[in-house]
2 protein chains.
Amino acid sequence: MNILEKIANELDTFSKSERKVAEVILASPSTVIHASIAALAKQANISEPTVNRFCRRLDTKGYPDFKLHLAQSLANGTPYVNRHVDENDSADEYTAKIFESTMANLEMARKSLDSGTINRSVDLLTQANKISFFGLGASAVVAHDAQNKFFRFNVPVVYFDDVLMQRMSAINSTQGDVVVLISHTGRTKSLVEVASLARENDATVIGITTEGTPLAKECTIVLSMDVAEDTDLYMPMSSRIAQLTLVDILATGFTLRRGTKFRDNLKKVKDSLRSSRFDRKE
Amino acid sequence: MNILEKIANELDTFSKSERKVAEVILASPSTVIHASIAALAKQANISEPTVNRFCRRLDTKGYPDFKLHLAQSLANGTPYVNRHVDENDSADEYTAKIFESTMANLEMARKSLDSGTINRSVDLLTQANKISFFGLGASAVVAHDAQNKFFRFNVPVVYFDDVLMQRMSAINSTQGDVVVLISHTGRTKSLVEVASLARENDATVIGITTEGTPLAKECTIVLSMDVAEDTDLYMPMSSRIAQLTLVDILATGFTLRRGTKFRDNLKKVKDSLRSSRFDRKE
DNA sequence: ACTTTTTTGTAATTTTACTACATTTTAAGT
DNA sequence: ACTTAAAATGTAGTAAAATTACAAAAAAGT
């Protein structure tokens, strides 16, 4: 764990003086790494040995070693932490916070994704006769995006955000078809039903959802990711960005599996758009 | 630039003894950050002041400061760089690369976004009688997502990914209406036409597009972001993630502008979904 | 080959961090 | 409420580390 986070975490296990040090450090870590132990002690209004003891409590060899750790914490620019948007934030502030938490969540998602599962999913998708992407609400957006990617591959792709169409499509699916169901909560009743309908008809069901949910239980294979959704705002934000990135990964895996020749085909699809666009002047 | 790279770069500008130091450092930088100047000098078979001079040549204040820089170089184990996916990448590898380049691009986008423009856009959106989101292809996904966010605010919101519907809707728009047009390239002919149609009818046109493009020129206000799209794969990936994050930011700005009471309303929208879901067992 | 410049090293100085011990503060027990 | 033990903090001295000033050696130019 990052030493800055560690300090923030253990803040209440510190003694009075140690907390003073911690607060000075947290307030401006980038200043501290250039300060001597004496300077820091003065800043925090405590003695030098207290700073030294503080460093040891954090499992470092002493003050210089502590600064090294601190420098490493700061290395990734501002570490991406899930800072919540506040009532009185300016445009500048909430913009920064949203970018940061999006990135922090992508980092989390990356760590929690299992590449073996991805590999098997790509296997299934490349072998599919027909691929369907279903989602509702915010997840419909992800399904929509998936369709937009996979239709380029010249594979039969279907996307519905209409409950009835999803059901009908699921009933019509057969062995060799892959149905991808997207739902962060994994508790949307109608989607869970679609999953079992598809399974009954021998279709393969890939779930982009959370492990252990009702939907996950109905799926052949589950692609799950840990994301800390900021529920203060009552809107799905980070979860869908992570899901879209996962779609990118699946699509990339698909093209890689298909080989070079296939990629020329992608270029053709893209070039076909040319006439609908204004030329570049440069 | 990373100090380790810098050392490797300037290797031939160093004097004989300085190169000895450089080589010891490059061979095992992680050892050096825990060594004293005396230990390093001994390792390199040179004197302590030489090490000190070496540090200064690299624009650091001295040996301790140099170690700080070195520690930071090491912390960026894998900095977020736009690494391109390779032919023979395993699932593990392309997953990591896609996450990393997505994050690198978000970082770029964040830096290039102007908070003043965001603020003005939020102003316009909060005052709008009707908001329309239009896009085509990958950008339709972003428009779709925007609708999903803004409809929660109990504002008239429209979204079309159909060229004719977009045109008709633009013609019907009037003063007080805001039309948001999304296109990374900014060169999609029909969208540019929609922009001018909307403008002719006195609607406000916000463009989420690249500066200087035909579309940008037709807009009242342009929200532009720098993103390095990986064109090897012929699919829009990073650009749309950045656009979606921008949508999050606009939506957040919108809710903040509307105040606390308004947020209770959002909760109601979210709670209305409850009956469509399976209960949590915990 | 000699002079000048650059590089490197030695030794002293200064800065910085740490240790041992004393004092204060806090908490626990009677 | 008072006493005693334990924990926390500070003071002063010590040790270690880094830096400076200067001298010696090496390299480059004339």
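The chains referred to below are lettered A, B, ... by the order of the sequence lines, with proteins before strands, and numbering in each begins at 1.
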A correct dot-bracket answer for DNA chain C, with pairs being Watson-Crick or G-U at under 3.5 Å, [ ] for crossing pairs and | for inter-strand pairs, is ||||||||||||||||||||||||||||||
Between NE2 of A:H34 and P of C:dT15 the distance, given in whole Å, is 19 Å
Rounded to whole Å, the CD-P distance (A:E18 to C:dT26) equals 15 Å
Discussion item. Between A:S121 and A:L223, is there a side-chain heavy-atom distance shorter than 4.5 Å?
Written reply: yes
When rounded to whole Å, the CD1 to P distance for the pair A:I46 and C:dC18 reads 13 Å
Regarding the side chain of B:Y63, the nearest nucleotide among C:dC18, D:dA18, C:dG9 is D:dA18
Considering only heavy side-chain atoms of B:N52, the closest of C:dT7, D:dT19, C:dA17 is D:dT19
note: A:R56, atom CZ; D:dT9, atom P; distance rounded to Å ~ 16 Å
Closest of C:dC18, D:dT19, C:dT26 to the A:K16 side chain is C:dT26
*So does A:S15 get a side-chain nitrogen or oxygen closer than 4.0 Å to the phosphate oxygens (OP1/OP2) of D:dT9?*
yes
For residues 60-70 of chain B, the side-chain hydrogen bond (donor to acceptor under 3.5 Å, both in side chains) pairs (sequence neighbours left out) are none
With a cut-off of less than 4.0 Å, is there a side-chain N or O of A:T50 near OP1 or OP2 of D:dG10? yes
Answer yes or no: is there an ion pair linking A:D226 with A:K111, defined by an N-O contact shorter than 4.0 Å?
no
### Salt-bridge criterion met for B:R57 and B:E18 (N-O under 4.0 Å)
yes
In whole angstroms, the gap separating P of C:dT10 from NZ of B:K42 amounts to 14 Å
### Query
Phosphate oxygens OP1/OP2 of D:dA16: is one of them under 4.0 Å from a side-chain N or O of B:S36?
no
Report yes if the side chains of A:T210 and A:S224 come closer than 4.5 Å at any heavy-atom pair, otherwise no. no
When rounded to whole Å, the CG to C1' distance for the pair B:D65 and D:dA17 reads 16 Å
Indicate yes or no: does B:K97 engage B:E100 in a salt bridge with an N to O separation below 4.0 Å.
-> no
Against the side chain of A:P49, the closest entry in C:dT8, C:dA11, D:dT11 is D:dT11
By nearest-heavy-atom nucleotide on DNA chain D, the more 5' of B:P64 and A:S17 is A:S17
Rounded to whole Å, the CD-P distance (B:E48 to C:dT15) equals 18 Å
Between NZ of A:K67 and C1' of D:dA17 the distance, given in whole Å, is 12 Å
Walking DNA chain D from its 5' end, the first of B:R53 and B:G62 to be reached, judged by nearest nucleotide, is B:G62
With a 4.5 Å heavy-atom cut-off, do B:D248 and A:F99 have their side chains touching?
no
